[in-house]
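One structure is given here, and the rest of the page talks about it.
What you see below is based on every heavy atom in this structure, not just the backbone, and it leaves out hydrogens, waters and symmetry mates.
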Amino acid sequence: MSTSVAELLQDPTLPDKVATLQQALETERERRERFFEEVSEEVKAEFINGEVIMHSPNTLRHIQIRKRVDRLLSAFCETPHLGSVCGEKSLCVFPRNDYEPDVVFFSPEKTALLEPETRKFPIPDFICEVLSSSTEARDRGVKFRDFEAHGVGEYWLVDPERELLEQYLPRAGAYELALKSGSGEVASAVVPGFRIPIRALFDDAENLRVLRAILA
């Protein structure tokens with residue numbers, strides 16, 4: 001039991017605090033239901049800690065990196081039926097929050113739960129986010145903690161400015177930085193056999209070379 005929880009259990013005002021939290025969570029639940037009803041396919045929006053976050057248009061560099069990751073992972077998973085890869089318009093539902101990551105992968109078990117009309121996706125097994133100035137704080141903050149706490153088995157953060165990849169893997173209940181590099185190779189811990197040169201995330205010619213190798 002954490003120190004903060006132990007202290008709360010000794011607090012004589014605990015019932016009042018619990019009542020306040022319950023009211024706040026109920027208000028948040030109602031707001032979240034409105035979000036599900038009102039969010040449209042034309043916008044990229046997320047529901048985080050009770051607030052609707054609307055995303056601004058991405059830069060060309062951001063779009064290109066997201067496309068390169070998606071292209072290689074999708075090509076790799078298609079033939080051996082290792083699972084499903086989805087893009088940034090897949091609304092992934094966590095216990096409290098709802099995200100639209102740049103690239104996500106679902107295991108065969110979770111893929112079996114998906115239907116053509118699915119709009120609320122399960123928690124992914126793998127997530128890749130391409131950093132930007134407007135999203136980096138959330139990608140490294142609330143999203144990092146949420147993914148870590150709820151079973152996302154691998155989290156990639158791609159830095160377009162410095163052309164670096166950070167690969168986080170769970171260890172003893174917390175994410176550990178397994179790799180941070182702009183060169184060499186990265187091997188997925190969640191997608192069996194998926195190993196690519198890191199430069200393929202940042203260079204079109206290298207991306208095409210790797211894609212051809214996967215398809216071959």
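- When every heavy atom of Cys92 is checked against every heavy atom of Pro101, the shortest pair comes out as SG-CD, 4.0 Å.
- The same ILVMFWY cluster, assembled from side-chain heavy atoms under 4.5 Å apart, contains both Phe36 and Met54.
- Taking CZ from Phe35 and CD from Glu51, the interatomic distance works out to 12.0 Å, rounded to the nearest 0.5 Å.
- The distance from the CG atom of Asp146 to the NE2 atom of His150 is 5.5 Å, given to the nearest 0.5 Å.
- In this structure a side-chain-to-backbone donor-acceptor pair under 3.5 Å is present from Lys110 to Ile123.
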Going through the checks in order, is the side-chain contact (heavy atoms from CB on, under 4.5 Å) test met by Cys86 and Val104?
CA-CA 5 Å; Cys86 294; Val104 298; 3.7 Å; yes
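- In this structure, Arg68 does not pair ionically with Asp203, as no charged nitrogen and carboxylate oxygen lie closer than 4.0 Å.
- When each of Trp156, Tyr175, Phe94 is checked for a ring pair (Phe, Tyr, Trp, His ring centres under 6.0 Å) with Phe147, only Phe94 meets the rule.
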For Phe105 and Leu73: C-alpha separation, side-chain torsions, deciding distance, then whether side-chain contact (heavy atoms from CB on, under 4.5 Å) applies.
CA-CA 8 Å; Phe105 165 82; Leu73 190 56; 4.2 Å; yes
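- Among the candidates Arg140, Lys143, Arg66, Arg138, the single residue satisfying the salt bridge (Lys or Arg N to Asp or Glu O under 4.0 Å) test with Glu129 is Lys143.
- The NE2 atom of His55 sits 8.5 Å away from atom OG of Ser132, with the distance rounded to the nearest 0.5 Å.
- Taking both residues in full, the closest heavy atoms of Leu91 and Ala45 are given as CD1-O, 4.0 Å, listed atom of the first, atom of the second, then distance.
- Using a 4.5 Å cut-off between side-chain heavy atoms of Ile, Leu, Val, Met, Phe, Trp and Tyr, with links allowed through other members, Val103 and Phe194 fall into the same hydrophobic cluster.
- Within the model, atoms CD of Glu100 and CD1 of Ile53 stand 12.5 Å from one another, a figure rounded to the nearest 0.5 Å.
- Minimum interatomic distance between Val130 and Asp139 (heavy atoms only, all atoms of both residues): O-OD2, 4.2 Å.
- To the nearest 0.5 Å, atom CG of residue Leu72 and atom CG of residue Asn207 are 4.0 Å apart.
- Using a 4.5 Å cut-off on side-chain heavy atoms (C-beta onward), Glu163 and Ile65 make no contact.
- Residues Ser107 and Asp125 share a closest heavy-atom pair of N-OD2, 2.7 Å.
- Rounding to the nearest 0.5 Å places CG of Leu8 at 6.0 Å from NZ of Lys17.
- For the pair Ser181 and Ser183, the tightest heavy-atom approach, listed with the atom from each and the gap, is OG-O, 2.8 Å.
- For the pair Glu154 (side chain) and Val190 (backbone), a donor-acceptor distance under 3.5 Å is present.
- Atom CD of Glu115 has 12 or fewer heavy atoms from other residues, nucleotides or ligands within 6.0 Å.
- Electrostatic pairing of Glu185 and Arg195 counts as a salt bridge here, judged by a charged N lying under 4.0 Å from a carboxylate O.
- Checked for salt-bridge contact, Glu26 and Arg29 meet the test: a charged N lies under 4.0 Å from a carboxylate O.
- Residues Glu166 and Asp159 have side chains not in contact (no heavy-atom distance under 4.5 Å, counting atoms from C-beta outward).
- Judged by distance alone, the side chain of Ser84 and the main-chain N or O of Thr111 form no donor-acceptor pair under 3.5 Å.
- Val158 places none of its side-chain heavy atoms less than 4.5 Å from the side chain of Asp102.
- With hydrogens and angles ignored, the 3.5 Å screen pairs no side-chain donor or acceptor of Asp98 with any backbone N or O of Val93.
- Residue Glu41 places its CD atom among 12 or fewer non-hydrogen atoms of other residues, nucleotides or ligands, all under 6.0 Å distant.
- Note on Tyr99 and Phe106: same hydrophobic cluster, where clusters join Ile, Leu, Val, Met, Phe, Trp and Tyr whose side-chain heavy atoms are under 4.5 Å apart, directly or indirectly.
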Should Leu201 and Ile196 be marked as a side-chain contact (heavy atoms from CB on, under 4.5 Å) after you check the CA-CA gap, both sets of side-chain angles, and the distance that decides it?
CA-CA 9 Å; Leu201 306 181; Ile196 59 170; 3.8 Å; yes
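- Considering only heavy atoms from C-beta on, Ser90 stays 4.5 Å or farther from Thr118 through its side chain.
- Although no hydrogens or angles enter the test, the distance criterion places no donor-acceptor pair under 3.5 Å between the side chain of Glu46 and the main chain of Asn97.
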Take Glu206 and Arg209 through the test salt bridge (charged side-chain N to carboxylate O under 4.0 Å, His left out) and record every step on the way to the result.
CA-CA 5 Å; Glu206 181 67 359; Arg209 184 191 70 78; 2.8 Å; yes
Check step by step if side-chain contact (heavy atoms from CB on, under 4.5 Å) holds for Val85 and Phe76.
CA-CA 10 Å; Val85 179; Phe76 182 83; over 6 Å; no
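- Side-chain contact between Cys77 and Val191 is present, with at least one heavy-atom pair separated by less than 4.5 Å.
- Panel note: side chain Thr13, backbone Asp16; no donor-acceptor pair is recorded below 3.5 Å.
- Gly153 approaches Leu169 most closely through the heavy-atom pair O-CD2, 3.8 Å.
- The closest side-chain heavy-atom distance from Val210 to Pro197 is below 4.5 Å.
- Note on Val152 and Leu177: same hydrophobic cluster, where clusters join Ile, Leu, Val, Met, Phe, Trp and Tyr whose side-chain heavy atoms are under 4.5 Å apart, directly or indirectly.
- A salt bridge is absent between Arg145 and Glu148: the closest approach of a Lys/Arg side-chain nitrogen to an acidic carboxylate oxygen does not fall below 4.0 angstrom.
- Cluster membership check: Leu164 does not share its hydrophobic cluster with Ile198, using side-chain heavy-atom separations under 4.5 Å among Ile, Leu, Val, Met, Phe, Trp and Tyr.
- Panel note: side chain Thr135, backbone Leu131; no donor-acceptor pair is recorded below 3.5 Å.
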